[in-house]
Engineer: 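The following block contains the structure, expressed as structure tokens.
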Amino acid sequence: MSNKEIAKLLRNVAAAYTIKDEKKFYFQIVAYQKAAEAIEGLTSELKDYYAEDKLDEVPGIGVTLKSRLEELFKKGKVAHYEWALSGIPQAMFPLLDIPSFGPKKAYKLVKEFNLKNPDTVIDDIEKIAKEGRIASLSGFGEKSQSDILRAIAEFRKGSGKTTRMTLPFASEVAEKMLDYLRKSPDVIRAEPLGSLRRSSPTVGDIDIAVASKNPKAVLNYFIKYPYLDRIIEKGSVSSSILASGGKQIDLLIQPPEGFGALLQHFTGSKNHNVHLREFALKKSLSLSEYGIKNTKTGKSTQYSSEEEFYKAIGLEWIPPEMREDTGEIESAAEGNLPKIIELSDIKGDLHLHSSFPIEPSHDLGVNNFKEMLAVAKDLNYEYVGFAEHNPSVSKHTPEKIYGLVSRRNEAIEHILSDNKSIRIFKLLETDILPNGQLAIDNKTLETLDGTIVSIHSVFNMRKDEMTKRVIEGLSHKKAKILAHPTGRMLNERPGYELDWEKIFEFCIKNNKALEINSWPTRLDLPDSLIREAVNRKIKMVIDTDSHAKDQMYLQKYGVEMARRGWATKSDIVNTLSYNEFREWLKI
DNA sequence: GCCGTTTTCGGCCCGACTGTTTTCAGTCG
């Protein structure tokens, strides 16, 4: 079961409790929603937590939920949930995926019209609304009837909460709106917040905060956005719109003197905020987007910066990437937050595919050495590594492969002789074959400074076999880095199965590094595995896997994943100087 | 059902907005 399916199950249980007895089950409902939120936000599979007996490390999962989830993974169902969901019409649950449908509304409609089939319930509701039979129900009216029809239509188009954007795409959507907002004389500051500011690997909707002394004017300006599809809601301090392309943009406004509280509130995550507010409440401080209220004196205070806001709760400022309620509040309270890595710490990119005609097994790059070095210079790098895919094994003899790689090496030497500013490592990205052997032989590997290894074929092996394959591939003394270690592609495929316990153990013993691949649809390692690797002092390297020079600027996304995994400079080997990195390659 | 800078029992974030309402329920972030 995927994280999404599990979260859906927990939300369904919460919805069932809401229908059965909202008051009696109030805190279970909250707990189930919180756990669902946490599971949805995970960037590794919950199944892997289960496999390593770490379910209760997920915030919001305690003793009871742990045992229920274990039952789910073992048997595919949970007896207690079968009971909880019994007596509740199954047809209400698909409706909950549609924005504006909650448990009460879904239940009332399904019950009222005696709808039984979950597979057709959305069609059924649509038909009933079109016939005008919803408006007459108590609690409903003409407006809510037409809203239902529109919500269903938008849901079908895949807008709203169903599809999530990759980070660069989300940034683009946000930038367009920010450019627009900053043209308004009433906008003093405008910042993208929410999961985009936390650099979550995928982003659902765009959240923007504005500092202004005239919120009304800004709101009126906001809803005149040229790429507006429709206004979802508009109040006195906030508004939501659907932009063309089906992406929701939420706006919140505060005066500049209260902007710090707004930044904090709207950056989230939800579970971070809930935990932070509970923490503050113990100090008689009640937090909101307006500021901090002392519950004893009743005195409210505004904060213009986030740093002051956190300080007022007795905490050091927590970087947005860490605000997922995975222990950052406790660490901040103890003054133990690690100093996480920054983009400027990176001294090189070791995973570059040039256009050198090496006749590779997979894609060749489109730019030559010099063109890529020019970008490296722009990025202030000390060194780079060229790591084209190994020459195709099926098309060439080992002798031919040796010749191709040697020619590439000579071409690099030639560049080096008239290039003083940036050093170059002669690497390759070598396939690990299904039997664990590397795709090219020792004689050729010996000509390299080292090699990156990775899986590019036969993804569907058993977990133990895949683990053996990877470890065997990494065992070669020239193999130093495992590229895109999980093989996941965001919004496409989950990645192959690996026994991380064994991989970590092997890496630490044999001084191998795991790559954090910055490619926006990979972002692989996922942040939770980065966090795990950091805890075990395993070295990582942040690379772009660039096949074109402009892609080298994507390095920031890998750095952001490292930050989400609490990695410091010392965890990442390409923060080392040229000489230090050279030494590390030889160990 | 979770969780611990008052606690292993007894608490549990805070507010905006909309539609259908005569004062509030439902949904959302």
Side-chain angles (χ1 to χ4, degrees), chain A residues 10 13-15 17-19 22 24-38 56 58-69 80 84 95-96 98-109 134-148 151 160-161 193-195 204-207 209 215 219 231-240 248 250-254 261-262 264-293 295 300 313-315 325 329-330 332-335:
Chain A
L10 298 188
V13 173
Y17 278 151
T18 308
I19 300 304
E22 191 181 14
K24 179 178 162 193
F25 293 117
Y26 182 78
F27 292 107
Q28 275 97 326
I29 293 166
V30 171
Y32 272 89
Q33 285 167 343
K34 198 171 175 178
E37 183 98 15
D56 49 4
V58 178
I61 297 181
V63 184
T64 308
L65 266 172
K66 185 185 179 195
S67 76
R68 301 233 198 275
L69 289 169
H80 182 258
L95 294 175
L96 301 178
I98 302 171
S100 80
F101 277 84
K104 304 269 182 70
K105 192 198 273 186
Y107 178 76
K108 188 161 183 186
L109 289 172
I134 289 178
S136 55
L137 255 49
S138 80
F140 291 82
E142 290 292 340
K143 184 70 168 67
S144 49
Q145 179 170 272
S146 57
D147 284 350
I148 284 171
K161 55 185 174 186
L193 303 179
S195 53
D205 48 28
I206 304 291
D207 300 316
L219 285 166
I231 300 163
I232 297 171
E233 60 184 28
K234 176 177 170 284
S236 60
V237 290
S238 70
S239 173
S240 295
Q248 186 174 329
D250 298 335
L251 181 75
L252 283 184
I253 306 172
Q254 283 290 302
L262 181 60
Q264 197 292 315
H265 164 76
F266 214 19
T267 297
S269 65
K270 185 180 167 78
N271 284 346
H272 172 87
N273 282 1
V274 170
H275 189 169
L276 193 70
R277 287 168 182 197
E278 285 172 353
F279 176 86
L281 215 48
K282 288 169 190 157
K283 303 183 172 192
S284 305
L285 299 171
S286 171
L287 315 181
S288 78
E289 59 265 50
Y290 294 99
I292 301 180
K293 185 177 167 185
T295 56
S300 293
I313 317 167
L315 298 175
D325 192 25
I329 294 172
E330 292 85 346
E334 291 163 10

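A, B, ... follow the sequence lines: proteins, then strands. Residue 1 opens every chain. Keep in mind it's a predicted model, so treat the numbers as computed, not measured.
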Engineer: Is there a donor-acceptor pair under 3.5 Å between the side chain of A:Lys108 and the backbone N or O of A:Ser138?
Structural biologist: yes

Engineer: Using a heavy-atom cut-off of 4.0 Å across all strands, would you classify A:Glu233 as base, sugar-phosphate, or nothing?
Structural biologist: sugar-phosphate

Engineer: Which letter, B, S or -, goes with each nucleotide of nucleotides 19-26 of chain B from 5' to 3', with contact meaning a protein heavy atom under 4.0 Å?
Structural biologist: SSS----S

Engineer: Would you indicate which nucleotide in B:dC17, B:dG29, B:dG1 comes nearest to any side-chain atom of A:Thr64?
Structural biologist: B:dG1

Engineer: Nearest-Å distance, CD1 (A:Ile313) to P (B:dT5)?
Structural biologist: 15 Å

Engineer: If you measure from the C1' atom in B:dG15 to the same atom in B:dT22, how many Å do you get, rounded?
Structural biologist: 24 Å

Engineer: For the pair made of CD in A:Glu278 and P in B:dT5, what is the distance, rounded to whole Å?
Structural biologist: 12 Å

Engineer: State whether A:Arg277 places a side-chain N or O below 4.0 Å from either non-bridging phosphate oxygen (OP1 or OP2) of B:dG15.
Structural biologist: no

Engineer: For DNA chain B, whose closest nucleotide is more 5', that of A:Ala333 or that of A:Ile61?
Structural biologist: A:Ile61

Engineer: Distance check, P atoms only: B:dC2 and B:dC13, in whole angstrom units.
Structural biologist: 15 Å

Engineer: For a quick check of understanding: with a heavy-atom distance under 4.0 Å over all strands, which category does A:Ile29 fall into, base, sugar-phosphate or nothing?
Structural biologist: nothing

Engineer: On a whole-Å scale, what distance lies between the P atoms belonging to B:dT20 and B:dT27?
Structural biologist: 14 Å

Engineer: To check you understand the geometry: which heavy-atom pair defines the closest contact between A:Thr295 and A:Ser286, and what is its length?
Structural biologist: CG2-CB, 3.9 Å

Engineer: Please work out if A:Leu252 contacts a base, only the sugar-phosphate, or nothing of the nucleic acid, heavy-atom cut-off 4.0 Å.
Structural biologist: nothing

Engineer: Between A:Gln28 (CD) and B:dC2 (C1'), how many Å, whole number?
Structural biologist: 10 Å

Engineer: Counting the atoms with a prime plus P, OP1 and OP2 as sugar-phosphate, which does A:Ser236 contact under 4.0 Å by heavy atoms, base, sugar-phosphate, or nothing?
Structural biologist: sugar-phosphate

Engineer: Please determine, for B:dT8, whether a Watson-Crick or G-U wobble partner exists with both distances under 3.5 Å, and give it or none.
Structural biologist: none

Engineer: Any side-chain heavy atom of A:Lys270 sitting closer than 4.5 Å to one from A:Asp325?
Structural biologist: no

Engineer: Sticking with atom C1', work out how far B:dT8 lies from B:dC3, rounded to a whole angstrom.
Structural biologist: 9 Å

Engineer: In whole Å, measure the gap between the C1' atoms of B:dG19 and B:dC12 for me.
Structural biologist: 30 Å

Engineer: Do A:Ser269 and A:Glu37 come within less than 4.5 Å of each other through their side chains, counting heavy atoms only?
Structural biologist: no

Engineer: Has A:Ser239 got a side-chain atom pairing as donor or acceptor with A:Glu233's backbone, closer than 3.5 angstrom?
Structural biologist: yes

Engineer: I want to verify a distance call: between B:dA16, B:dC13, B:dG29, whose nearest atom is closest to the A:Val274 side chain?
Structural biologist: B:dC13

Engineer: When the C1' atoms of B:dG11 and B:dT5 are considered, how many whole Å apart are they?
Structural biologist: 15 Å

Engineer: Let me know the distance between CG of A:Asn273 and P of B:dC12, rounded to the nearest Å.
Structural biologist: 18 Å

Engineer: Check each residue of residues 31-38 of chain A for a non-hydrogen atom within less than 4.0 Å of any atom in DNA chain B, then write out the ones that pass by number, or none.
Structural biologist: A:Ala31, A:Tyr32

Engineer: If I compare all heavy atoms of A:Ala14 with all of A:Gln33, which pair ends up nearest, and what's the gap?
Structural biologist: CB-CG, 4.1 Å

Engineer: Whole-Å distance between B:dT6 P and A:Lys282 NZ?
Structural biologist: 7 Å

Engineer: Nearest to the side chain of A:Leu281, heavy atoms from C-beta on, is which of B:dG29, B:dT7, B:dC14?
Structural biologist: B:dC14

Engineer: Within this structure, what is the CD1-to-P distance between A:Ile231 and B:dT18, rounded to whole angstrom?
Structural biologist: 10 Å

Engineer: Quick check: closest heavy atoms across A:Tyr17 and A:Ala84, and the distance to 0.1 Å?
Structural biologist: CE2-CB, 4.3 Å

Engineer: Just to verify, what does A:Phe140 make a ring pair (Phe, Tyr, Trp, His ring centres under 6.0 Å) with, not counting sequence neighbours?
Structural biologist: none

Engineer: Could you please name the option among B:dC14, B:dT7, B:dC13 that lies closest to any side-chain atom of A:Ser288?
Structural biologist: B:dC14

Engineer: How close do A:Ala261 and A:Gly291 get, heavy atom to heavy atom, and via which atoms?
Structural biologist: CB-N, 3.6 Å

Engineer: Tell me what A:His80 touches on the nucleic acid: a base, only sugar-phosphate, or nothing, going by heavy atoms under 4.0 Å.
Structural biologist: sugar-phosphate

Engineer: Does a nitrogen or oxygen in the side chain of A:Ser240 sit under 4.0 Å from OP1 or OP2 of B:dC28?
Structural biologist: no

Engineer: CG of A:Leu95 versus P of B:dT27: gap in Å, rounded?
Structural biologist: 11 Å

Engineer: Are the side chain of A:Lys234 and the backbone of A:Leu219 linked by a donor-acceptor contact shorter than 3.5 Å?
Structural biologist: no

Engineer: Heavy atoms from C-beta onward define the side chain here; which of B:dC14, B:dG29, B:dT18 lies closest to that of A:Lys234?
Structural biologist: B:dT18

Engineer: Would you say B:dC13 has OP1 or OP2 under 4.0 Å from some side-chain N or O of A:Ser286?
Structural biologist: no

Engineer: Report the distance from atom CD1 of A:Ile232 to atom C1' of B:dA16, rounded to the nearest whole Å.
Structural biologist: 14 Å

Engineer: What integer number of Å spans the C1' atoms of B:dT18 and B:dT23?
Structural biologist: 15 Å

Engineer: How far does the C1' atom of B:dT7 sit from the matching atom of B:dC14, given to the nearest Å?
Structural biologist: 23 Å

Engineer: Between A:Leu287 and A:Val237, which is nearer to the 5' end of DNA chain B once each is assigned its nearest nucleotide?
Structural biologist: A:Leu287

Engineer: Are the side chains of A:Leu109 and A:Ile148 in touch, meaning some heavy atoms are under 4.5 Å apart?
Structural biologist: yes

Engineer: Within the side chain of A:Asp250, is there an N or O that forms a donor-acceptor pair under 3.5 Å with the backbone of A:Asp207?
Structural biologist: no

Engineer: Would you please determine if the base of B:dC12 is stacked by A:Phe27, with stacking meaning a centroid separation under 5.5 angstrom and planes under 30 degrees?
Structural biologist: yes

Engineer: Base, sugar-phosphate, or nothing: which does A:Val30 touch, judged by heavy atoms less than 4.0 Å apart?
Structural biologist: nothing

Engineer: Give the nucleotide from the list B:dG15, B:dG4, B:dG29 with an atom nearest to the side chain of A:Tyr290.
Structural biologist: B:dG15

Engineer: Tell me if a side-chain donor or acceptor on A:Gln145 pairs with a main-chain N or O of A:Ile134 at a distance below 3.5 Å.
Structural biologist: yes

